[in-house]
Amino acid sequence: NAGVTQTPKFQVLKTGQSMTLQCAQDMNHEYMSWYRQDPGMGLRLIHYSVGAGITDQGEVPNGYNVSRSTTEDFPLRLLSAAPSQTSVYFCASGQNYGYTFGSGTRLTVV
Amino acid sequence: AQKVTQAQTEISVVEKEDVTLDCVYETRDTTYYLFWYKQPPSGELVFLIRRNSFDEQNEISGRYSWNFQKSTSSFNFTITASQVVDSAVYFCALSEARRWGGSEKLVFGKGTKLTVNP
């Protein structure tokens, strides 16, 4: 089993560009989520999903878009990247309060 | 609302010292789960422990031990005889029990950076 797969691992964007961070899990977990990690701030929840077709906002949703068309995939979209979105992004999936994290995507917006 | 506070931003110890990382949480729910994760310099998140709110027994796993006290809303983590490989950022996290229409959101503290010097 691959667990949670995040792509890409590294990305540099110019301000205003758009991109999608990919997250896929092969454990048939209902719950999936996206976090961003910034120095001194811990991991903050961006968006989460409790199943296909159901998404909701977390603590810091502005500037990000998500959808969940399948159980396996939960992409995170940046429609117009800003330097404030420079961060490390983690995707997680979970079932019955057991969580699996991806290895992270380091995003730099210049 | 859920909240996790890790008041210690950074701790530095010398190898073989014992060290305790503090975690205080807030929740309105009576059923919840508490977690500790380790993030080594390589960046991945490593799961250490999960504790159910109904289980207040302390747990020991090798050099690691956890003290859960509902009366003080704390879930502290102690490393005995610390080693250089314990150097990492440690996160405490909380998840409230899922209700109908709810979720298993995991809320993190800001983390404690532990440096173990040789």
Side-chain angles (χ1 to χ4, degrees), chain A residues 2-6 8-10 23 25 27-61 66 68 74 87-108, chain B residues 1-10 21-27 29 31-55 75 88-113:
Chain A
V4 176
T5 303
Q6 282 185 243
K9 292 192 182 303
F10 300 94
C23 177
Q25 53 100 358
M27 297 167 285
N28 204 32
H29 286 170
E30 291 182 346
Y31 177 80
M32 295 187 74
S33 56
W34 278 100
Y35 293 85
R36 61 176 288 172
Q37 182 179 14
D38 303 294
M41 299 299 292
L43 280 81
R44 293 181 293 170
L45 183 63
I46 304 171
H47 285 286
Y48 65 97
S49 169
V50 298
I54 306 170
T55 63
D56 206 346
Q57 297 180 351
E59 181 186 353
V60 287
V66 293
R68 183 102 178 264
F74 190 45
S87 188
V88 178
Y89 292 84
F90 286 97
C91 178
S93 74
Q95 191 88 354
N96 297 323
Y97 309 99
Y99 301 90
T100 302
F101 284 83
S103 57
T105 296
R106 184 173 293 275
L107 176 67
T108 303
Chain B
Q2 308 167 65
K3 185 179 179 181
V4 177
T5 301
Q6 294 180 255
Q8 304 150 309
T9 305
E10 293 192 41
L21 309 182
D22 297 333
C23 173
V24 174
Y25 62 91
E26 296 176 27
T27 176
D29 215 335
T31 304
Y32 50 89
Y33 294 83
L34 294 163
F35 302 79
W36 277 95
Y37 287 87
K38 174 183 180 179
Q39 187 177 45
S42 53
E44 74 274 21
L45 286 161
V46 178
F47 167 78
L48 296 178
I49 189 171
R50 181 184 75 182
R51 175 62 74 213
N52 180 308
S53 57
F54 294 111
D55 182 2
F75 186 44
V89 180
Y90 291 87
F91 292 100
C92 181
L94 164 71
S95 180
E96 292 178 342
R98 181 173 180 175
R99 301 262 184 268
W100 184 86
S103 75
E104 304 175 23
K105 287 189 295 182
L106 191 60
V107 174
F108 284 84
K110 293 184 178 182
T112 297
K113 182 179 181 181

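The chains referred to below are lettered A, B, ... by the order of the sequence lines, with proteins before strands, and numbering in each begins at 1.
- With rounding to the nearest 0.5 Å, the separation of OH in A:Tyr48 from CG in B:Leu106 is 12.5 Å.
- Applying the ring pair (Phe, Tyr, Trp, His ring centres under 6.0 Å) criterion to A:Tyr89, with sequence neighbours excluded, gives A:Tyr64.
- Interface residue B:Phe91: only side-chain heavy atoms are found under 4.5 Å from chain A.
- Applying the salt bridge (Lys or Arg N to Asp or Glu O under 4.0 Å) test to residues at least two apart or on different chains, none of the pairs has a partner in residues 36-46 of chain B.
- Contact residues of residues 98-107 of chain A toward chain B are A:Gly98, A:Tyr99, A:Phe101 (heavy-atom distance under 4.5 Å).
- Heavy atoms closer than 4.5 Å to chain B are found in both the backbone and the side chain of A:Leu43.
- Contact annotation for A:Glu59: neither backbone nor side-chain heavy atoms come within less than 4.5 Å of a heavy atom of chain B.
- Note that the OG1 atom of A:Thr55 and the NE2 atom of A:His47 stand 7.5 Å from one another [nearest 0.5 Å].
- Put simply, CD on B:Gln39 and CG on B:Leu45 are 5.0 Å apart, with the number rounded to the nearest 0.5 Å.
- Residues satisfying the salt bridge (charged side-chain N to carboxylate O under 4.0 Å, His left out) criterion with B:Arg51, sequence neighbours excluded, are B:Asp55, B:Glu59.
- With a 6.0 Å radius and a threshold of 12 heavy atoms from other residues, nucleotides or ligands, A:Phe10 has its CZ atom at or below the threshold.
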